[in-house]
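Side chains are part of it too, since the values below use all heavy atoms of this structure and drop only hydrogens, waters and symmetry mates. Residues take their numbers from the sequence shown, with the count starting at 1.
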Amino acid sequence: MILPKDRDPRFITIRRGGTLTDSDHQLLARWAAACAEHVLPLFESAQPADPRPRDASEQIRAWARGEISMSASRAAGGHSMAAARELSGAARHAAYAAGQAAVVAHVAAHELGAAAYAIKAVRAAEGDSAGRIECRWQREQLPEAIRELVLDDQRLRNEICWSVFDS
């Protein structure tokens with residue numbers, strides 16, 4: 001479980017009673033996509049004929065551009081997570097990262113799932129020190145507008161995200 005029991009209003013859009021703006025929601029989606037795409041080769045090297053995780057990443061980017069519906073992106077996320085279930089190790093975590101990224105369109109707080117699974121993928125492939133490097137890389141990709149929000153989210157949810165943000 002990577003989502004807290006109580007939803008943080010900072011990750012709920014304004015129109016649903018939270019404080020998240022559409023532009024920040026889109027930034028969270030793009031950042032989650034970048035985290036997932038950084039590790040997609042770990043999936044694609046194990047399953048080169050399976051397009052589902054790559055498609056999930058492309059769908060969340062299309063959603064952030066306003067080209068597709070939330071439902072289409074969420075469905076692509078589900079397909080990516082289905083691809084993950086058949087696997088283990090780095091490939092599995094990379095597919096989950098892409099799936100989590102795609103469902104950011106539906107629940108913005110999944111942004112941390114994409115990042116956490118990407119770190120888990122790197123750890124599985126290359127070890128803990130590589131996971132710490134991946135975490136730092138992800139933080140360098142954070143747009144300034146959402147930087148403090150995401151870093152605070154990492155502090156608050158680190159424990160339920162396998163403590164991958166301890167770098």
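The side-chain heavy atoms of Arg155 and Phe165, taken from C-beta on, include no pair separated by under 4.5 Å. Here the side chains of Asp55 and Gln59 are in contact, with some heavy-atom distance below 4.5 Å. Using a 4.5 Å heavy-atom threshold, the side chains of Ser69 and Trp63 count as separate. Side-chain contact between Leu20 and Ile14: absent, with no pair of heavy atoms (C-beta onward) separated by less than 4.5 Å. Looking at heavy atoms from C-beta onward, Phe11 lies out of side-chain contact with Thr19 at the 4.5 angstrom threshold. Residues Asn158 and Asp166 have side chains in contact (heavy-atom distance under 4.5 Å, counting atoms from C-beta outward). For the pair Val164 and Cys135, the minimum side-chain heavy-atom distance is 4.5 Å or more.
Both Tyr96 and Trp162 are assigned to one and the same hydrophobic cluster, defined by single-linkage of ILVMFWY side chains at heavy-atom distances under 4.5 Å. Hydrophobic clustering (side-chain heavy atoms under 4.5 Å, transitive across Ile, Leu, Val, Met, Phe, Trp, Tyr) keeps Ile12 apart from Ile2. Met81 and Leu87 fall into different hydrophobic clusters, where Ile, Leu, Val, Met, Phe, Trp and Tyr are joined by side-chain heavy atoms under 4.5 Å apart, directly or via other members.
Looking only at distances, no side-chain donor or acceptor of Ser80 sits under 3.5 Å from a matching main-chain atom of Ala56. Put simply, the side chain of Arg85 never gets that close to the backbone of Arg92: no donor and acceptor are under 3.5 Å apart. In this structure, Glu111 contributes its side chain and Ala32 its backbone to no donor-acceptor pair below 3.5 Å.
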Please table the atom pairs, donor to acceptor, closer than 3.5 Å between any side-chain atom in residues 97-110 and protein atoms at least two apart or in another chain.
residue	atom	partner	partner atom	Å
Gln100	OE1	His110	ND1	2.8
His106	NE2	Arg74	NH1	3.3

Check: residues 35-45 side-chain donor-acceptor pairs under 3.5 Å, at least two apart:
residue	atom	partner	partner atom	Å
Glu37	OE1	Arg61	NE	3.3
Glu37	OE1	Arg61	NH2	2.9
Glu37	OE2	Ser57	OG	2.3
Glu37	OE2	Arg61	NE	2.8
His38	ND1	Glu134	OE1	2.9
His38	ND1	Glu134	OE2	2.9
Glu44	OE1	Arg54	NH2	2.8
Glu44	OE2	Arg54	NE	2.8
Glu44	OE2	Arg54	NH2	3.1
Ser45	OG	Pro41	O	3.2
Ser45	OG	Leu42	O	3.4

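Note that the CZ atom of Arg136 and the CD atom of Gln138 stand 11.5 Å from one another [nearest 0.5 Å]. A distance of 8.5 Å separates NZ of Lys120 from CZ of Arg123, quoted to the nearest 0.5 Å.
Take Gln141 and apply the side chain to side chain donor-acceptor pair (under 3.5 Å) test, not counting sequence neighbours, and it matches no residue. In this structure Asp128 satisfies the side chain to side chain donor-acceptor pair (under 3.5 Å) test with no other residue, sequence neighbours excluded.
Pairs of residues two or more places apart, or lying in two chains, that qualify as side-chain hydrogen bond (donor to acceptor under 3.5 Å, both in side chains) and include a residue from residues 20-35 are Arg15-Asp22, Thr21-Ser23.
Taking Ile, Leu, Val, Met, Phe, Trp and Tyr as hydrophobic and joining them when side-chain heavy atoms fall under 4.5 Å apart, one finds Leu156 isolated, its cluster having no other members.
Across all their heavy atoms, Ala130 and Glu126 have their closest contact at CB-CB, 3.5 Å. Pairing each heavy atom of Ser73 with each of Ile68, the nearest pair is N-CD1, 3.8 Å. The two residues Asp50 and Ala83 make their nearest non-hydrogen contact at OD2-CB, 3.5 Å. Heavy atoms only, all atoms of each residue included: Leu27 and Pro143 are closest at CD2-CG, 4.0 Å.
Between Glu86 and Arg52, at least one side-chain nitrogen of the basic residue sits less than 4.0 Å from a carboxylate oxygen of the acidic one, meeting the salt-bridge criterion. Ionic pairing of Asp153 and Arg10 is not present here: no N-O contact between side-chain nitrogen and carboxylate oxygen is shorter than 4.0 angstrom.
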Is there a side-chain contact (heavy atoms from CB on, under 4.5 Å) between Arg157 and Leu3 once you walk through the steps? CA-CA 8 Å; Arg157 291 200 283 154; Leu3 292 175; 3.6 Å; yes
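The environment of Arg16 atom CZ is sparse: at most 12 non-hydrogen atoms of other residues, nucleotides or ligands sit within 6.0 angstrom.
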